[in-house]
Amino acid sequence: MKKIGVLTSGGDAPGMNAAVRAVTRTAIKKGLSVMGIYRGFQGLLNGDVAELNIRSVSDIMHRGGTMLYSARCDEFRYQEGVKKGADKCREYGIDAIVVIGGDGSFRGAADLSLYGIPCMGIPGTIDNDIGMTEYTIGYDTAMNTAMELVDKLRDTMQSLDRCSVVEVMGHRAGYIALNTGIACGATYIITKEMPYSVKEIIEIIENTQTNNKHHFIVVVSEGIGGSAEIAKQIERETGVVTRATILGHVQRGGSPTVRDRVAASQLGHFAVELLMNGIENRVVGFWDNKVVHYDIKEALSMKKDFDKKLFEVASDISF
Ligand code: F6P
């Protein structure tokens with residue numbers, strides 16, 4: 001192996017830059033050359049590639065977003081697109097590709113490997129929804145951003161004795177909602193993984209009011225949706241003025257936390273080490289705080305348990 005490519009794909013995540021840096025520097029240190037592929041698989045198809053050197057990845061560690069840009073690529077959903085991607089790799093002499101992204105990106109990587117281009121996946125998504133790893137790059141930063149924003153909502157809700165229904169990202173997974181909810185002392189957390197009822201929220205608000213509490217936070221996971229409707233129902237039935245807020249894409253930005261920078265550096269380094277040892281078509285991640293790797297296809301089929309005990313903690317201390 002002489003030359004590898006690196007790309008970021010799908011939704012960007014804080015820490016992706018640290019992963020690109022680690023991949024690039026580890027590879028160069030081990031004698032490989034590195035091609036940066038800009039704008040994900042779409043960039044590969046468009047020939048949007050340029051060689052990276054050790055200074056190309058300077059001063060990016062602390063920046064949100066991704067210096068390689070990102071994209072969601074429809075063409076790569078089809079065999080023809082994937083085949084063209086493999087041909088492009090051969091044209092540029094790219095022997096293997098490191099793909100930093102989420103499950104959609106790993107599906108692209110798995111397909112590319114079938115056309116003879118070895119791939120290595122690094123989980124970069126704020127959603128933490130990749131089954132084979134306990135942690136994905138960007139998750140910690142996104143949770144901290146959500147926490148800061150919900151804290152600000154609390155200030156104004158408390159001043160006016162109001163209720164805030166706040167929707168956080170997470171795609172179909174409730175991990176950001178659960179952790180942000182606990183960290184912000186939410187009265188109620190709604191996720192897809194656990195049963196919920198708006199009637200129960202209303203009862204809790206009514207009971208808690210008799211106990212001298214008059215402001216409330218309800219955290220809703222994106223996968224549920226309907227925050228505005230939930231807010232209206234709460235206001236109608238409790239009389240507490242309720243506002244719905246969707247935090248949205250602001251959760252994807254910002255300078256990555258220590259945890260994200262370090263995790264990204266470890267995974268980037270590990271991914272290149274594996275490739276150098278002839279281990280290919282894997283996804284790297286963490287289990288029990290140790291780096292692990294799984295076959296891409298297997299990784300895509302793995303499910304992660306929702307932490308029901310943590311959910312119980314939230315319910316037991318939220319009144
Ligand atoms: O996967 C990251 C994520 O931010 C999800 O939480 C969210 O569902 C999705 O991306 C939003 O995608 P887009 O940026 O295409 O609107």
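Keep in mind that what you see is a predicted model, and the values were worked out from it rather than measured.
- No side-chain heavy atom of I37 sits under 4.5 Å from any side-chain heavy atom of L68.
- The pair K84-D87 does not meet the salt-bridge criterion, since no charged nitrogen lies less than 4.0 angstrom from a carboxylate oxygen.
- Applying the salt bridge (Lys or Arg N to Asp or Glu O under 4.0 Å) criterion to K232, with sequence neighbours excluded, gives E229.
- Heavy atoms from other residues, nucleotides or ligands lying under 6.0 Å from CZ of R90 number more than 12.
- Remark: M147 CE to I176 CD1 distance equals 13.5 Å, nearest 0.5 Å.
- For residues 248-266, the salt bridge (charged side-chain N to carboxylate O under 4.0 Å, His left out) pairs, not counting sequence neighbours, are D12-R252.
- For the pair L112 and A86, the tightest heavy-atom approach, listed with the atom from each and the gap, is CD1-N, 3.6 Å.
- Between K83 and E80, no side-chain nitrogen of the basic residue sits less than 4.0 Å from a carboxylate oxygen of the acidic one, so the salt-bridge criterion is not met.
- Judged purely by atom type and a 3.5 angstrom limit, R154 uses its side chain to pair as donor or acceptor with the backbone of G185.
- Within the 4.5 Å cutoff, the side chain of T136 has no heavy atoms near those of the D127 side chain.
- One N or O on the side chain of E222 and one on the backbone of G170 form a donor-acceptor pair closer than 3.5 Å.
- The list of ring pair (Phe, Tyr, Trp, His ring centres under 6.0 Å) pairs with a residue in residues 270-305, not counting sequence neighbours, reads F270-H293.
- A donor-acceptor contact shorter than 3.5 Å is absent between the side chain of S113 and the backbone of N281.
- Taking the side chain to side chain donor-acceptor pair (under 3.5 Å) definition, one finds that S105 meets it with S9, sequence neighbours left out.
- The backbone N or O of A22 sits nowhere less than 3.5 Å from a side-chain atom of T24 that would complete a donor-acceptor pair.
- Here V258 is tied into one hydrophobic group with V262, each link being a pair of ILVMFWY side chains closer than 4.5 Å.
- Checked by atom type and distance alone, the side chain of E134 pairs as donor or acceptor with a backbone atom of D288 at under 3.5 Å.
- A single hydrophobic cluster is not seen to contain both I130 and I137; linkage of ILVMFWY side chains at heavy-atom distances under 4.5 Å, directly or through other members, places them apart.
- Here the side chains of L153 and D151 are not in contact, with every heavy-atom distance at 4.5 Å or above.
- Both I205 and V165 are assigned to one and the same hydrophobic cluster, defined by single-linkage of ILVMFWY side chains at heavy-atom distances under 4.5 Å.
- Within 6.0 Å of atom CD in E206, more than 12 heavy atoms from other residues, nucleotides or ligands are found, so the atom counts as buried in its surroundings.
- No side-chain heavy atom of I230 sits under 4.5 Å from any side-chain heavy atom of T242.
- The hydrophobic clustering, which links ILVMFWY residues whose side-chain heavy atoms are closer than 4.5 Å, places M302 and L300 together.
- Applying the side chain to side chain donor-acceptor pair (under 3.5 Å) rule to pairs touching residues 155-166 yields nothing, sequence neighbours excluded.
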*In sequence, state the C-alpha distance, the side-chain angles, and the governing distance for Y175 and E193, and then conclude on side-chain hydrogen bond (donor to acceptor under 3.5 Å, both in side chains).*
CA-CA 9 Å; Y175 307 113; E193 293 86 348; 5.0 Å; no
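- Counting heavy atoms from C-beta outward, E280 and M120 have side chains that stay 4.5 Å or more apart.
- Annotation: ring pair (Phe, Tyr, Trp, His ring centres under 6.0 Å) contacts involving residues 119-156, sequence neighbours excluded, comprise Y135-Y139.
- Screening residues 177-217 for ring pair (Phe, Tyr, Trp, His ring centres under 6.0 Å), with sequence neighbours left out, gives no hits.
- Interatomic distance, CD1 of I296 versus CE of M132, reported as 10.5 Å (0.5 Å rounding).
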*Step by step, would you call D140 with T257 a side-chain hydrogen bond (donor to acceptor under 3.5 Å, both in side chains)?*
CA-CA 7 Å; D140 188 55; T257 59; 2.7 Å; yes
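- Under the 4.5 Å side-chain criterion, counting only non-hydrogen atoms from C-beta, M35 is not in contact with L52.
- Residues V283 and P123 are in side-chain contact: their nearest non-hydrogen atoms beyond the backbone lie under 4.5 Å apart.
- Follow the hydrophobic side-chain contacts under 4.5 Å out from I122 and you reach V20 in the same cluster.
- Comment: D74 engages R77 in a salt bridge, judged by a side-chain N to carboxylate O separation of less than 4.0 angstrom.
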_As a quick check of understanding, evaluate salt bridge (Lys or Arg N to Asp or Glu O under 4.0 Å) for K152 and E148, giving each step before the final call._
CA-CA 6 Å; K152 288 179 205 273; E148 277 176 29; 5.5 Å; no
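- Checked by atom type and distance alone, the side chain of T208 never pairs as donor or acceptor with a backbone atom of F319 at under 3.5 Å.
- The stretch residues 41-93 participates, sequence neighbours left out, in these ring pair (Phe, Tyr, Trp, His ring centres under 6.0 Å) pairs: F41-F76.
- Counting only distance, with no hydrogens or angles, the side chain of E75 and the backbone of L45 share no donor-acceptor pair below 3.5 Å.
- Within the structure, every pair that satisfies the salt bridge (charged side-chain N to carboxylate O under 4.0 Å, His left out) test and touches residues 35-60, not counting sequence neighbours, is listed here: R39-D48.
- Taken from CD1 in I28 to OG in S33, the straight-line distance is 8.0 Å, to the nearest 0.5 Å.
- Using a 4.5 Å heavy-atom threshold, the side chains of L32 and M276 count as touching.
- Taking each heavy atom of A27 and V34 in turn, the nearest pair found is CB-CG2, 3.5 Å.
- Shown here for G253 and T141, the closest heavy-atom pair between the two residues is O-CG2, 4.3 Å.
- The main-chain N or O of T66 is never found under 3.5 Å from a side-chain atom of S70 such that the two would form a donor-acceptor pair.
- The two residues G11 and M16 have their closest heavy-atom pair at O-CE, 3.5 Å.
- Evaluation of the salt bridge (charged side-chain N to carboxylate O under 4.0 Å, His left out) test over residues 15-30, restricted to residues two or more places apart or in two chains, returns none.
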*Passes side-chain hydrogen bond (donor to acceptor under 3.5 Å, both in side chains), N128 versus K304? Steps please.*
CA-CA 10 Å; N128 200 29; K304 189 152 50 180; 3.3 Å; yes
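- Between the T180 side chain and the A177 main chain, no donor and acceptor come within less than 3.5 Å of each other.
- A salt bridge does not link K308 to E312: none of the charged side-chain nitrogens sits closer than 4.0 Å to a carboxylate oxygen.
- D295 contributes a side-chain N or O that, together with a main-chain N or O of K297, makes up a donor-acceptor pair within less than 3.5 Å.
- Shortest non-hydrogen contact noted between G93 and K3 is O-CB, 3.4 Å.
- Annotation: salt bridge (Lys or Arg N to Asp or Glu O under 4.0 Å) contacts of K2 (sequence neighbours excluded): none.
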*Apply side-chain hydrogen bond (donor to acceptor under 3.5 Å, both in side chains) to the pair T191 and S221, showing each step before the final yes or no.*
CA-CA 5 Å; T191 70; S221 175; over 6 Å; no
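- Nearest heavy-atom pair, C119 versus A109, reported as atom, atom and distance to 0.1 Å: SG-O, 3.4 Å.
- Clustering ILVMFWY residues whenever any of their side-chain heavy atoms sit less than 4.5 angstrom apart, transitively, puts I246 in a cluster other than the one holding V166.
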